[in-house]
Structure formats: C-alpha cells, structure tokens
Amino acid sequence: MKSFLSIQDVSNLPALLKDALEIKKNPHLYAKLGQQKSMCLIFLNPSLRTRLSAQKAAFNLGLSTAVLDVGSQGWQLEFGDGIIMDSDKAEHIKEAAAVIGSYFDVVAIRAFAKLEDRNEDYSEQVMESFKKYCPVPIINMESGTGHPLQAFADLITIEENKMVAKPKVVLTWAPHPKPLPQAVANSFCRWIQAANFDLTITHPKGYELVDEAVGKATVVYNQQNALDGADFVYAKNWSSYTNYGKVLSKDPDWMVTQEKMNLTNQGKFMHCLPVRRNVIVEDAVLDSDQSLVIPQATNRVISMQTVLKNILEEMKK
Ligand code: SN0
C-alpha cells in the first residue's frame, strides 16, 4: 500500500483483515518496523479517537509522531490554484505539503467536508492536494467524502462479533442538531459491501447517499422494517447529499431505542463516536451488552496500525 485515501487503495481486503486480526493478537509483532521513521498528524478539525489511536498505533510500530493542529497552531492554508492570497490564508498547500513532506516519512490528514459546496467536498481537494504536493505516503483521517480508518475498524469489529458468515447489517440515519458530513456513512457502505455482507440502509426521504456509496445495498424508508432481523445496527447522522449540507429532519422518531433493538436478531449496536446520547440513541441501548461502541473505538488502533504496517513495508521494498 502506497497511500491510504479510500478503499480503492486496498488491493486485497481479506489479506488486510487477516493482518488486522494478527496485529490484534500480538500488537508488538512489528515493533521495529517504524524505527527511525516519523509521521505527522495534521488536523483541520477536532478529534479524540483518531488522534490518540494514531499515536498509539505508531508507538506500537516504533514510529515517532508529531501533531499539527492547523486550527489553533498552523497558518490557515489556501488550496485554490492561481489565487491572489490577500485574505486571511497565509500559506499555500504547495509550500506547506512540500515542507511537511521533507520532515516526515508519512503524513496523515483530517479535513472534514465543509458542507457548503458539494463539488468542492466531493472533489477531495484537500487530500488530492496533499497527494500532489507532498512527496511521502498520505493517510486519510476523515476527508470530504470518507472515513476509511473508521470503516476498517468497524469491519474488524463485525468480523469479531458476527454469528453467521453473512450477517444482516443495517445502517440507520438518526437525528442530530447540527449538519454532519456523509463521510462515515459513505465509507461504512463501501467497506461493508466490499466484505460481501448484506447491507440495508434506512433514512428519511431526502437523505439518499451518493450512488457510488449505496452500490447494491437495499434502501428502505421505513426504519422498523429495515431493522427486522438485523445482526448489526449502525446508527449515524448525516446531512443531505441531494440538498447539500442541509438538515431536513430532526424527527426524534428516528432515534434508536431498546424497543427498536428488540426487532433485530439480538442485534449489536454500533456508532463511530462521538455520540449524542438520547438524540441518536437512548441510554438503555448504549449502556447495554448489545453495544459495540467501545470495541469499535478500541479497533481504531488496530485499523491504523495495520494500514501503517502495510505502508511501512511498501517503503522498504
Ligand atoms: C464527525 C462526523 O463526520 O460526523 C466525526 C465522526 C468521526 N462527527 C461530528 O462532527 C459530531 C459533532 C457533534 O457535534 O456531535
């Protein structure tokens, strides 16, 4: 693996999953792989799990890390081509990416969708600019359209908890007070289908995801029907893709409740965190044995460590 921007950078998903489960059993197996190498973590948005799990994963591989919080510590970056830079943005990505790439061996970036201009977010301007101007491998820590490290951790979690070879996985939209990106939902759909699981997506009308993410999944507008017989229930809010970045509904009837979980096949509850308690999902579900949110977060170390292991191995070739 040269870089990790999306599932398209994964040439062999079963092999990557096998790697992940091996690393989970023995986290220090590759403790020397990253020695004398370093990684820069660049954040344009907040993070708890992503930042700490990336640092822990790097630590397990002997790789040093530095963190740049662009919001509070760095110059505001300009990404446009041919722009007259007379506004608040002091540094162009051309220089910034080249400089960072001259200091580090791997660069990981978080840059959420701004939810203003769909073409801008879906063109992946930030990741693509880093890829173009930064001479070292790039890792996506949530971009305009995807969060592949989260989806990989989710897949590992399902693999560890599934009772049948092809579980029924339901992605349900849930209400939220703010407009959120589609990134987590998009990547979840792609990875679950790449793993050949049975995926049903449920959401109110107007919340259809981009076609490439939906793929061959079943879309059901009635949440209760969708949940029937589910082995895994993945809740997530996202803002509208069609009416881009808009909150079309805050309907509390879409919250995941214990009563709804009773419709499932003793289904497990999943969410990427951070989660708004009693808005997305009620306490009773989150605090029950059915909840996998902590194992999912734990597996964020494993997904990052597996990706880093593959990138570092590629660099040694
Ligand atoms: C982000 C998102 O893409 O939905 C990151 C998830 C890993 N979530 C949020 O920004 C939640 C913020 C909030 O106010 O609840």
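Note: hydrogens, waters and symmetry copies are ignored here, and every other heavy atom, side chains too, is used.
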Asks: So, Lys260 and Asp253, do they make that salt bridge, N to O below 4.0 Å?
Replies: no
Asks: Do Ile280 and Val170 sit in one hydrophobic cluster, given that two such residues count as connected whenever their side-chain heavy atoms are within less than 4.5 Å of each other, even indirectly?
Replies: yes
Asks: Counting only heavy atoms not in Phe79 (residues, nucleotides, ligands), do more than 12 fall under 6.0 Å from its CZ?
Replies: yes
Asks: Roughly how far, to the nearest 0.5 Å, is CG of Leu312 from CE of Met39?
Replies: 8.5 Å
Asks: With side chain to side chain contact (heavy atoms under 4.5 Å, CB included) as the criterion, how do Ile83 and Lys89 come out once you've worked through the C-alpha distance, each side chain's angles and the decisive distance to 0.1 Å?
Replies: CA-CA 11 Å; Ile83 302 269; Lys89 292 176 181 159; over 6 Å; no
Asks: Give the C-alpha distance, both sets of side-chain angles, the deciding distance and a yes or no for side chain to side chain contact (heavy atoms under 4.5 Å, CB included) between Glu282 and Val256.
Replies: CA-CA 6 Å; Glu282 68 179 10; Val256 178; over 6 Å; no
Asks: Using atom types as modelled and distance alone, determine if a side-chain donor or acceptor of Asn186 lies under 3.5 Å from a backbone N or O of Gly146.
Replies: no
Asks: Nearest 0.5 Å, what's the CD-NZ distance between Glu314 and Lys2?
Replies: 4.5 Å
Asks: Tell me, do Val10 and Trp191 make a side-chain contact under 4.5 Å, heavy atoms counted?
Replies: yes
Asks: Report yes or no: is the cationic atom of Lys268 (NZ for Lys, CZ for Arg) under 6.0 Å from the centre of the six-membered ring of Phe232, at an angle within 45° of the ring normal?
Replies: no
Asks: Does the side chain of Leu17 reach to within under 4.5 Å of the side chain of Glu159, using non-hydrogen atoms?
Replies: yes
Asks: With heavy-atom distances below 4.5 Å as the criterion, would you say the side chains of Ile158 and Pro167 are in contact?
Replies: yes
Asks: Which atom pair, heavy atoms only, marks the closest approach of Val307 to Met1?
Replies: CG1-SD, 4.0 Å
Asks: Would you check, one step at a time, whether the test side chain to side chain contact (heavy atoms under 4.5 Å, CB included) holds for Ile109 with Asn140?
Replies: CA-CA 6 Å; Ile109 304 131; Asn140 178 350; over 6 Å; no
Asks: Tell me the closest heavy-atom pair linking Ala96 and Leu77, and the distance in Å.
Replies: CB-CD2, 3.7 Å
Asks: For the pair Glu208 (side chain) and Gly206 (backbone), establish whether a donor and an acceptor sit closer than 3.5 Å, ignoring hydrogens and angles.
Replies: yes
Asks: Other residues, nucleotides and ligands only: do more than 12 of their heavy atoms fall within 6.0 Å of NZ on Lys316?
Replies: yes
Asks: Under a single-linkage definition using a 4.5 Å side-chain heavy-atom cutoff for Ile, Leu, Val, Met, Phe, Trp and Tyr, are Phe43 and Leu68 assigned to the same hydrophobic cluster?
Replies: no
Asks: Within a strict 4.5 Å, meaning less than it, do heavy atoms of the Lys236 and Leu180 side chains meet?
Replies: yes
Asks: Taking the side chain as every heavy atom from C-beta outward, state whether Met315 and Lys37 have any pair of such atoms under 4.5 Å apart.
Replies: yes
Asks: If two hydrophobic side chains count as joined below 4.5 Å and joins carry through other members, does Ile100 share a cluster with Ile138?
Replies: yes
Asks: Applying side chain to side chain contact (heavy atoms under 4.5 Å, CB included), run through Leu5 and Ser143 and close with a yes or a no.
Replies: CA-CA 8 Å; Leu5 297 187; Ser143 67; over 6 Å; no
Asks: Would you find more than 12 non-hydrogen atoms of other residues, nucleotides or ligands less than 6.0 Å from Gln73 atom CD?
Replies: yes
Asks: Taking atom CG of Leu286 and atom CZ of Arg276, what is their separation to the nearest 0.5 Å?
Replies: 14.0 Å
Asks: Is there a donor-acceptor pair under 3.5 Å between the side chain of Asn45 and the backbone N or O of Phe112?
Replies: yes
Asks: Would you say that more than 12 heavy atoms from the other residues, nucleotides or ligands in this model lie under 6.0 Å from the OH of Tyr221, or not?
Replies: yes
Asks: Using the rule that two of Ile, Leu, Val, Met, Phe, Trp, Tyr join whenever any of their side-chain heavy atoms come within less than 4.5 Å, decide whether Phe188 and Ile156 are in one cluster.
Replies: yes
Asks: Which atom pair, heavy atoms only, marks the closest approach of Gly101 to Pro135?
Replies: CA-CD, 3.8 Å
Asks: Do Pro137 and Ile139 have side chains that approach each other closer than 4.5 Å (heavy atoms only, starting at C-beta)?
Replies: no
Asks: In this structure, are over 12 heavy atoms from other groups packed under 6.0 Å from Lys131 atom NZ?
Replies: no
Asks: Can a side-chain donor-acceptor contact be found between Asn299 and Thr157 if the only test is distance below 3.5 angstrom?
Replies: yes
Asks: Other residues, nucleotides and ligands only: do more than 12 of their heavy atoms fall within 6.0 Å of CG on Asp289?
Replies: no
Asks: Quick one: sort the Trp238 and His203 rings into parallel, tilted or perpendicular, breaks at 30° and 60°.
Replies: perpendicular
Asks: Identify which one of Arg300, His147, His271, Gln296 satisfies the side-chain hydrogen bond (donor to acceptor under 3.5 Å, both in side chains) criterion when paired with Asp154.
Replies: Gln296
Asks: Is the closest basic N to carboxylate O distance between Glu160 and Lys24 below 4.0 Å?
Replies: yes
Asks: If we ignore hydrogens and angles and just use 3.5 Å, is the side chain of Glu124 paired with the main-chain N or O of Thr145 as donor and acceptor?
Replies: yes
Asks: Apply salt bridge (charged side-chain N to carboxylate O under 4.0 Å, His left out) to Asp19 and Lys309, showing your working.
Replies: CA-CA 9 Å; Asp19 259 9; Lys309 178 227 169 211; 2.9 Å; yes
Asks: Does the pair Glu22/Lys25 count as a salt bridge with the N-to-O cut at 4.0 Å?
Replies: no
Asks: Specify the closest pair of heavy atoms between Leu199 and Cys189, including all atoms of both residues, with the distance to one decimal.
Replies: CD2-CA, 3.7 Å
Asks: Has Gln193 got a side-chain atom pairing as donor or acceptor with Val214's backbone, closer than 3.5 angstrom?
Replies: yes
Asks: How close do Gly144 and Ala183 get, counting heavy atoms only, and between which atoms?
Replies: O-CB, 4.5 Å
Asks: May I ask you to decide if Glu120's main-chain N or O and Asp117's side chain share a donor-acceptor pair within less than 3.5 Å?
Replies: yes
Asks: Looking at NZ of Lys56 and OG1 of Thr65, how far apart are the two atoms once the value is rounded to the nearest 0.5 Å?
Replies: 13.0 Å
Asks: Can you confirm whether Ser102 sits close enough to Phe104 that some side-chain heavy atom of one is under 4.5 Å from a side-chain heavy atom of the other?
Replies: no
Asks: Once the angle between the rings of Tyr241 and Tyr244 is folded into 0 to 90°, is it parallel (under 30°), tilted (30 to 60°) or perpendicular (over 60°)?
Replies: perpendicular
Asks: Side chains of Asn310 and Leu16: does their closest heavy-atom pair fall under 4.5 Å?
Replies: yes
Asks: Just by modelled atom types, is the Ala174 backbone N or O under 3.5 Å from a matching donor or acceptor in the Asn237 side chain?
Replies: yes
Asks: Check whether any side-chain N or O of Ser291 sits under 3.5 Å from a backbone N or O of Ser288 as a donor-acceptor pair, and report yes or no.
Replies: no
Asks: Say whether, by atom type as modelled, one donor and one acceptor occur between the side chain of Asn26 and the main chain of Ile23 under 3.5 angstrom.
Replies: no
Asks: Using a strict threshold of under 4.0 Å (side-chain N to carboxylate O), is an ion pair present between Asp198 and Lys168?
Replies: no
Asks: Closer than 3.5 angstrom, by distance alone: can the side chain of Ser239 be matched with the main-chain N or O of Lys246 as a donor-acceptor pair?
Replies: no
Asks: Linking I/L/V/M/F/W/Y whenever their side-chain heavy atoms sit closer than 4.5 Å, directly or via other members, would Val301 and Val184 fall into one cluster?
Replies: no
Asks: Between Tyr207 and Gln182, is there a side-chain donor-acceptor contact under 3.5 Å, judged purely by atom types and distance?
Replies: no
Asks: Could you pull out the closest heavy-atom pair between Ser249 and Trp173, with the gap in Å?
Replies: O-CH2, 3.4 Å
Asks: Between OG1 of Thr264 and CG of Asp228, what distance do you get to the nearest 0.5 Å?
Replies: 9.5 Å
Asks: Could you go step by step and tell me if Gln76 and Asp88 meet the side-chain hydrogen bond (donor to acceptor under 3.5 Å, both in side chains) rule?
Replies: CA-CA 7 Å; Gln76 289 308 300; Asp88 57 331; over 6 Å; no
